[in-house]
Amino acid sequence: MRRTRKEESDDGAPRQYAGFSEDLGLYVSISVRGDRVTAVRLTEERPEGAKDEHPYLARILEHLATGRGDLRDIPLDLEVSPFDRRVLEVMRTIPPGEVVTYGELARASGRPGAARAVGGACARNPAPVLVPCHRVVPASGGLGNYSAAGGPATKRRLLEKEGALAKVKGT
DNA sequence: ATTTTGGCGCTAT
DNA sequence: AATAGCGCCAAAA
């Protein structure tokens, strides 16, 4: 297989790009293989050896800054279990400004009653922000938990920026 | 109104 | 191989 430019390679190690989000107070980094994103991370420290320019990264940072924009067309390549894949797929259709409960997402994924398992899928989400696990909240009100850096405080900022906080009970 | 109980799919002991 | 424990939920007590 001939490859003119490394950047267009579909295999091999993903390339990493990182930028800082003022709104989150965190670094956002993405791993890209070919033209697909394999991971997104939110971290306190800037990852070693990451480059800083990538169109997908720019769009993500833009979204974090404005709360607007649709990131749903950015192609993903995630290594997850079949159940998680299904859940993440449905999760990705939740538009900015909206929230759904874990239970609703379970039903929408064809697994009514698997609300808790959906929580697990969220916790393992390899691409936060692009797969908007922050838009999934407990039916009982409040924000629930958030696994990426900053925890629930980060979840709150994300929802606030998207104008979704009003739709969350008890906030 | 609050607490308990049983269900869910997966990962890490 | 088995169990515990998670970003939860709804029905029962």
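Because the structure is predicted, anything quoted here is derived from the model rather than measured. First the proteins, then the strands, lettered A, B, ... as listed; each starts at 1.
A/Arg85 comes within contact range of no nucleotide atom at all, as no heavy-atom separation falls under 4.0 Å. Within 4.0 Å of A/Phe83, counting heavy atoms only, lie sugar-phosphate atoms of the nucleic acid but no base atom. Across all strands shown, A/Val136 has heavy atoms under 4.0 Å from base atoms, whether or not it also approaches the sugar-phosphate. Residue A/Gly144 is out of contact with every strand shown, counting any heavy-atom pair closer than 4.0 Å. In this structure, A/Ala123 reaches the bases: a heavy-atom distance under 4.0 Å links it to at least one base atom across the strands shown.
For the residue pair A/Ser29 / A/Arg46, no side-chain donor-acceptor distance below 3.5 Å is found, with atom types taken as modelled.
C/dC6 and B/dG6 have their C1' atoms separated by 16 Å, with the value rounded to a whole Å. Comparing C/dG7 with B/dT13, their P atoms sit 14 Å apart, to the nearest whole Å.
Regarding A/Leu105, its CG atom lies at a distance of 14 Å from the P atom of B/dG9, rounded to whole Å. One atom, CG of A/Leu143, and another, C1' of C/dG7, lie 11 Å apart when rounded to the nearest Å. Rounded to an integer number of Å, the gap from A/Lys169 NZ to C/dC9 C1' is 12 Å. Across the protein-nucleic acid pair, A/Arg107 atom CZ and B/dG9 atom C1' stand 18 Å apart, rounded to whole Å. Atom OH of A/Tyr102 and atom P of C/dA10 are 14 Å apart (whole Å).
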(message) Output the pairing pattern of DNA chain C as a dot-bracket string, 5' first, Watson-Crick or G-U wobble with both distances under 3.5 Å, | for cross-strand pairs, [ ] for crossing pairs.
(response) .|||||.||||||

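The heavy-atom pair separating A/Pro47 from A/Gln16 by the smallest distance is CB-NE2, 4.0 Å. Shown here for A/Arg156 and A/Thr171, the closest heavy-atom pair between the two residues is NH2-CG2, 3.7 Å.
Counting distance only, with no hydrogens placed and no angle test, the side-chain atoms of A/Tyr146 and the base atoms of C/dG7 include no donor-acceptor pair under 3.5 Å. For A/Ser147 against C/dG7, a side-chain-to-base donor-acceptor contact under 3.5 Å is present.
OP1 or OP2 of B/dG9 lies within a sub-4.0 Å distance of a side-chain N or O belonging to A/Arg111.
The residue among A/Pro138 and A/Gly120 whose nearest nucleotide of DNA chain C is located toward the 5' end is A/Gly120. Where A/Arg124 and A/Ala115 meet DNA chain B, the nucleotide closest to each residue was compared, and A/Ala115 sits on the side nearer the 5' end.
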